[in-house]
**Q** 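A single structure is presented below for examination.
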Amino acid sequence: MASCDDPQAPSAKSTEKIPEQEATEGAADAQLHEQDRDGFSDISDSELLAVPEEAMIGSGGYDPFAEKMVQPKEVADAQVKIDDSPGTSSEVHQKEKRGITQSFIDITQRKRKQLPQTPLEKYHMKYLWVTNLCSQTWCEQQMVYEFELPAFLQPEKSAVMNAGSSIHLARELEVHDVVSVTTQTREDSWAVKFLNILSMIPVLQSGGLIREFPVFGEQDGVFLVGVIDELGYSPKGELELRELKTRGSPTLPKAAQKRSHEFQVSLYKLLFDGMVSGGLQPDLFIQHLHLMPGQELGVQVKEHANRVGITVSTFMELAELTCLNLQFSDLPMIDSLKVEYCYQENGAMLGCEVLHFNRETVLERLKYYMEFWKGLRETQGVDIEEAWKCRMCSFANICEWRTSKSTVKKRPR
DNA sequence: ATTGCTGAAGGG
């Protein structure tokens, strides 16, 4: 629903998209890789240093041990225009450039102050996405490489992901229209999220269906941001979260992938429940995102707010209004979590799973993943039992985790 | 800060 340019770009105005509610009441694995007997041992010491040509980006080289990456300045400074439609190739390029920029900044910062950085600091993240944590559940080491070498993703994989994005967008448009709103500041971008929420609350209150509901909040000291695919009521009148997963093959996912989906929807519930029960404090946006409370909202944003019957002038006014609305609209917490799987090719439903929410388990896993982001522990790759994941990993042949494992195995002393 | 800080999900 929301799409936006880099609001920090000096000259660039960005556009956010806002859903306009329509009548909503009528809206209605692949092959199993059997476990490697020898786990990680298929990698040799010579492969360890043989970085393939594709790992080079620009004029810079990648060294998994020294973690150096350099590139021409004009690349680092390039401002990128964002394409509205999710999953286009321009988006992929944009991600690449962003990754390169981050590494560039990282080097200069490290030189200046010789302090060890937490991953959050290193990648300049004020907050995490729910999906960051989901890829972390698959393989933390792989997630790290995706941050550091975003250009290295397999094209076939991104093709399946782009197709998934298109299907999600089409579904969103079934329940509401989307209009563009120009934003000028980061505060504006968040204001648009708030306005989206404020316009979806009444739909939920009247028993309707909504898609792409923004959720956020503090978890374990870190600000977490996500988007709930779909919220609606079951015939029994329970508030139901539905997450659609489109698949490249007409098969249901294996356990490892289901675990990640379960974690994803559990995080959504954690965040949503927190929002409707008063857990979202306006101050969090200042503390974590360093937004300016008194920031005057942009003209376009104010205009849109007026169209939906809201008169605000500063960021904080709207943040407070949103938090209060969430808390006092008497919205229920999420009762059930559903994941629906469909085949990309023809849209055929492959299955639907109802997942159980276990607060303790989710919080425990969350804590473990956050320990990584806070720099409290080293990066952890997959366990030997899940070494099969490495076979479809783009980073397998440069992976530090794999090489360390195989070294241990070959030279036990 | 010399320059400057993320649409989220996307699938395996």
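Hydrogens, waters and symmetry mates are skipped; everything else that's a heavy atom, side chains included, is used. Every chain is numbered from 1, with letters handed out A, B, ... down the list of sequences.
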**Q** Which whole-number value in Å describes the distance from Arg259(A) CZ to dG11(B) C1'?
**A**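 After rounding, the reported distance stands at 16 Å.
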**Q** Just to be sure I understand the rule, does Tyr268(A) reach a base, reach only the sugar-phosphate, or reach nothing, if contact means heavy atoms closer than 4.0 Å?
**A** sugar-phosphate
**Q** Just to confirm, is there a sub-4.0 Å distance from OP1 or OP2 of dG12(B) to any side-chain nitrogen or oxygen of Lys389(A)?
**A**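 Answer no for this pair, as no side-chain N or O of Lys389(A) is under 4.0 Å from OP1 or OP2.
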**Q** Reckon Arg186(A) has a side-chain N or O less than 4.0 Å from the OP1 or OP2 of dT6(B)?
**A** yes
**Q** dT6(B) and dG10(B): how far apart are their C1' atoms, nearest whole angstrom?
**A**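 One C1' to the other, the span is 16 Å.
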**Q** Taking only the side-chain nitrogens and oxygens of Gln264(A), find out if one of them lies under 4.0 Å from OP1 or OP2 of dA8(B).
**A** no
**Q** Using atom C1' in both nucleotides, what's the gap between dA1(B) and dC5(B) to the nearest angstrom?
**A**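 Pairwise C1' distance, dA1(B) against dC5(B), rounds to 11 Å.
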**Q** Report yes if a side-chain nitrogen or oxygen of Lys245(A) is closer than 4.0 Å to either non-bridging phosphate oxygen (OP1 or OP2) of dG12(B); otherwise report no.
**A** no
**Q** What I want to check is whether an N or O donor and acceptor connect the side chain of Gln142(A) with the base of dG12(B) at under 3.5 Å.
**A** yes
**Q** Can Glu353(A) and Lys245(A) be counted as an ion pair, charged N to O under 4.0 angstrom?
**A**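 Judged by the 4.0 Å cut-off on N to carboxylate O distance, Glu353(A) and Lys245(A) do not form a salt bridge.
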**Q** Figure out the CG/P separation between Leu224(A) and dT6(B), and round it to whole Å.
**A** 16 Å
**Q** Using a cut-off of less than 4.0 Å, is there contact between a side-chain N or O of Ser165(A) and OP1 or OP2 of dG10(B)?
**A** no
**Q** DNA chain B: Val225(A) or Cys134(A), which has the more 5' nearest nucleotide?
**A**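 So the residue in question is Val225(A).
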**Q** What's the closest nucleotide to the Lys126(A) side chain, out of dG12(B), dG10(B), dT6(B)?
**A**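 Closest nucleotide to the Lys126(A) side chain: dT6(B).
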**Q** Arg211(A) has an atom CZ; how far is it from atom C1' of dA9(B), in whole Å?
**A** 15 Å
**Q** Is Thr246(A) near enough to dG11(B) that one of its side-chain N or O atoms lies under 4.0 angstrom from OP1 or OP2?
**A**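 The answer is yes; a side-chain N or O of Thr246(A) sits under 4.0 Å from OP1 or OP2.
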**Q** By a 5.5 angstrom centroid cut-off and a 30 degree plane limit, is there stacking between Trp129(A) and dA9(B)?
**A**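 Not stacked by the 5.5 Å and 30° rule.
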**Q** Please name the residue in the list Leu239(A), Leu267(A), Leu241(A) that meets the side chain to side chain contact (heavy atoms under 4.5 Å, CB included) test with Phe272(A).
**A**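 Answer after filtering Leu239(A), Leu267(A), Leu241(A): Leu239(A).
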**Q** Would you mind telling me which of dT6(B), dG12(B), dA9(B) lies closest to the side-chain atoms of Met125(A)?
**A** dT6(B)
**Q** Send over the distance from Trp138(A) CH2 to dG12(B) P, rounded to a whole Å.
**A**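 After rounding, the reported distance stands at 9 Å.
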**Q** Check the phosphate of dG4(B) against Tyr123(A), side-chain N and O only, distance under 4.0 Å to OP1 or OP2. Yes or no?
**A**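 For dG4(B), OP1/OP2 do not have a side-chain N/O of Tyr123(A) under 4.0 Å.
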**Q** Regarding Ile228(A), tell me which of base, sugar-phosphate or nothing describes its non-hydrogen contacts under 4.0 Å with the strands shown.
**A** nothing
**Q** Can you check the Leu289(A) CG to dT6(B) C1' distance for me, whole Å?
**A** 11 Å
**Q** Distance check needed: dG4(B) P versus His124(A) NE2, whole Å only.
**A**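 Going from His124(A) (NE2) to dG4(B) (P), I get 13 Å.
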**Q** How about Phe285(A) and Phe216(A): are their ring centroids closer than 6.0 Å?
**A**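 Close enough - the centres of the two rings lie under 6.0 Å apart.
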**Q** Give the rounded distance in Å between these two atoms: CD of Glu146(A) and P of dG10(B).
**A**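 Rounded to whole Å, this separation is 14 Å.
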**Q** Ignoring hydrogens and geometry, is there a side-chain-to-backbone donor-acceptor pair from Ser329(A) to Leu326(A) under 3.5 Å?
**A**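 Between the backbone of Leu326(A) and the side chain of Ser329(A) there is no qualifying donor-acceptor contact (under 3.5 Å).
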**Q** Once you round it to whole Å, what is the distance between P of dG11(B) and CD1 of Ile167(A)?
**A**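 Rounding to the nearest Å, CD1 of Ile167(A) and P of dG11(B) are 8 Å apart.
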**Q** Using a cut-off of less than 4.0 Å, is there contact between a side-chain N or O of His290(A) and OP1 or OP2 of dC5(B)?
**A**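 No.
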**Q** Distance check: side-chain N/O of Tyr127(A) vs OP1/OP2 of dA8(B), anything under 4.0 Å?
**A** yes
**Q** Closer than 3.5 angstrom, by distance alone: can the side chain of Asn132(A) be matched with the main-chain N or O of Trp129(A) as a donor-acceptor pair?
**A** yes
**Q** Using 4.0 Å as the upper bound for N to carboxylate O, is an ion pair formed by Glu262(A) and Lys258(A)?
**A** no
